[in-house]
Asker: 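The structure follows.
Ligands are counted one by one from 1 in listed order, and the atoms in each one are counted from 1 as well. Nothing here was measured: the structure is a model prediction, and the numbers come from that model.
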Amino acid sequence: MSSDMFKSIVDRLHQAEKIVFVTGAGISQESGIPTFRGKDGLWRKYDAMKLATIDAFYEDPKLVWEWYEERRRNVLEAKPNAGHLAIAELEKFKSVYVLTQNVDGLHQRAGSTKVYELHGSIITIRCTRCNFKDSITSSFSHLPPACKCGSILRPDVVWFGESLPQDVWHTSMQQAISCDVMIVVGTSLAVSPANLLPAYAKQNGAIVIEINPEETLTSTNMDLSIRSSAARAIPELVAAFQR
Ligand code: BV8
Ligand code: ZN
């Protein structure tokens, strides 16, 4: 990307009141968490379209739980990377919202304070029947784990075919339609309704920038694309912003 383009992005960040990041699995890739659809993708080994569904869970809760327990271990060992940290840093200067499709909690651990988890959290566990819900970072000795009420527990993630948490979705739409700059990082935008957010931003006059080493289906709708990784490009942007 030319230095003028980079400079124009930094200028837009300076002029912006509100900056919204929409992030996906790619931003956590450099923390050692495999993406879904990439070559090392999680979904290569397992067919996530089959496993990340309520039907799969009720058909074979043990198998689904084995997949989630493997991912929970990985997530809990992972650390936020320079991309997550740079987004948190930007909050010192601007109103920054993070609308993430990720379930790994790394944005919060990096220090971002306005994070909306569109697809829930793999660290939070809830009961399939009673209102038990808690953040659990230890491993389960028995899969599927049982609640005190006797029902099985599930990860508090949004499976395919399940609707997103209403309040999270509503707030996320509000931020998308009222931001000045939207930065879409590390997502193929293959999953709806999260993939509508950039269009909402654009409809309301924001500029939409993509940070992704690869072209995506929606790259043509972006005002600018930075063909780079999250852990490289975001710190570069924030450092240029601070200069
Ligand atoms: C809903 C949580 C309605 C679980 C996830 C046909 C049949 C059935 C359903 C549908 C259908 N058509 C559409 C649907 C709806 C469906 C959907 O969109 N399906 C798609 C696949 C076609 N959506 C839903 O079901 C949603 N709910 O619509 O509800 C409704 C309404 C009322 C009442 C009832 C229902 C719910 C969707 C949520 C699914 N849950 N995750 C879990 O994690 O286990 S989705 C899952 O995929 C993740 O959350 C992830 O966020 C999401 C998208 O993936 P990405 O994050 O984009 O990751 P990906 O690997 O694809 O891309 C990574 C990118 O990063 C790449 O571009 C790569 O180039 C880049 N990258 C790589 N390295 C780096 C990098 N970028 C920067 N730096 C790097 N280093
Ligand atoms: Zn219970």
Asker: Does the residue Val158 have a heavy-atom contact with ligand 1, meaning some pair of atoms that are separated by less than 4.0 Å?
Answerer: yes
Asker: May I ask you to list the atoms of ligand 1 that are less than 4.0 angstrom from any heavy atom of Ala25?
Answerer: 55 (P), 56 (O), 58 (O)
Asker: I want to confirm something. Looking only at heavy atoms, which of Gln29, Glu215, Glu214 is nearest to atom 73 (N) of ligand 1?
Answerer: Gln29
Asker: Is the ring pair Phe140/Trp65 parallel, tilted or perpendicular, if the boundaries are 30 and 60 degrees?
Answerer: perpendicular
Asker: What atoms of ligand 1 come closer than 4.0 angstrom to any heavy atom of Val191?
Answerer: 18 (O), 37 (C), 47 (O), 52 (C), 53 (C)
Asker: Where the closest heavy atom to atom 63 (C) of ligand 1 is concerned, which of Ser219, Ser192, Gly186 has it?
Answerer: Gly186
Asker: Show which atoms of ligand 1 fall inside a sub-4.0 Å distance from at least one heavy-atom site of Gly24.
Answerer: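 Once the distances to Gly24 are compared, the set is 56 (O).
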Asker: Return the option from Ser163, Ser28, Ala52 holding the heavy atom at the smallest distance from atom 33 (C) of ligand 1.
Answerer: Ser163
Asker: Going by the atom numbers of ligand 1, which of them fall below 4.0 Å from some non-hydrogen atom of Gly161?
Answerer: 24 (C), 25 (O), 34 (C), 35 (C)
Asker: Does the pair Asn81 and Ser31 meet the rule for a side-chain hydrogen bond (donor to acceptor under 3.5 Å, both in side chains), with working shown?
Answerer: CA-CA 6 Å; Asn81 63 51; Ser31 294; 3.0 Å; yes
Asker: With only distance considered, is Ala230 within less than 3.5 Å of ligand 1 through an N or O on each side?
Answerer: yes
Asker: If hydrogens are left out, which of Trp67, Phe160, Trp169 has an atom nearest to atom 16 (C) of ligand 1, that is, the closest non-hydrogen atom?
Answerer: Phe160
Asker: Under 4.0 Å from a heavy atom of Tyr68: which atoms of ligand 1 are those, numbered in the order shown and with their elements?
Answerer: 4 (C), 42 (C), 44 (O)
Asker: Considering both backbone and side-chain atoms of Asn212, is one of its nitrogen or oxygen atoms within less than 3.5 Å of a nitrogen or oxygen in ligand 1?
Answerer: yes
Asker: Step by step, work out the side-chain contact (heavy atoms from CB on, under 4.5 Å) result for Ser188 and Thr35.
Answerer: CA-CA 10 Å; Ser188 59; Thr35 61; over 6 Å; no
Asker: Look only at interatomic distance and state if Glu30 has a nitrogen or oxygen under 3.5 Å from any nitrogen or oxygen of ligand 1.
Answerer: yes
Asker: Mind checking what makes side chain to side chain contact (heavy atoms under 4.5 Å, CB included) contact with His142, not counting sequence neighbours?
Answerer: none
Asker: Please output the side-chain donor-acceptor pairs of residues 233-243 that fall under 3.5 Å, not counting sequence neighbours, one pair per line with the distance.
Answerer:
{"unit_1": "Gln242", "atom_1": "NE2", "unit_2": "Glu89", "atom_2": "OE2", "d": "3.0"}

Asker: With a cut-off of 4.0 Å, which atoms of ligand 1 are near a heavy atom of Ser229?
Answerer: 78 (N), 80 (N)
Asker: Under 4.0 Å from any heavy atom of Glu162, which atoms of ligand 1 are there?
Answerer: 1 (C), 26 (C), 27 (N), 29 (O), 35 (C), 36 (C)
Asker: Applying the side-chain contact (heavy atoms from CB on, under 4.5 Å) criterion to Val75, which one of Thr137, Val103, Ile122 satisfies it?
Answerer: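 So the option named by the test is Ile122.
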Asker: Quick one: list whatever passes side chain to side chain contact (heavy atoms under 4.5 Å, CB included) with Gln15, sequence neighbours left out.
Answerer: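 Asp11, Arg12.
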Asker: Taking both backbone and side-chain atoms of Ser228, is any N or O found less than 3.5 Å from an N or O belonging to ligand 1?
Answerer: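 Checking ligand 1 against Ser228, no N or O pair falls under 3.5 Å apart.
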Asker: Taking atom 43 (O) of ligand 1 as the point of reference, which of Arg71, His119, Gln166, Arg227 owns the nearest heavy atom?
Answerer: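 Residue with the shortest heavy-atom distance to the ligand atom: Arg71.
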Asker: May I ask whether Val185 places a heavy atom under 4.0 Å from ligand 1?
Answerer: no
Asker: Run through the protein N/O/S atoms less than 2.8 Å from the Zn ion (ligand 2) and write them out by chain and number.
Answerer: Cys127 SG, Cys130 SG, Cys147 SG, Cys149 SG
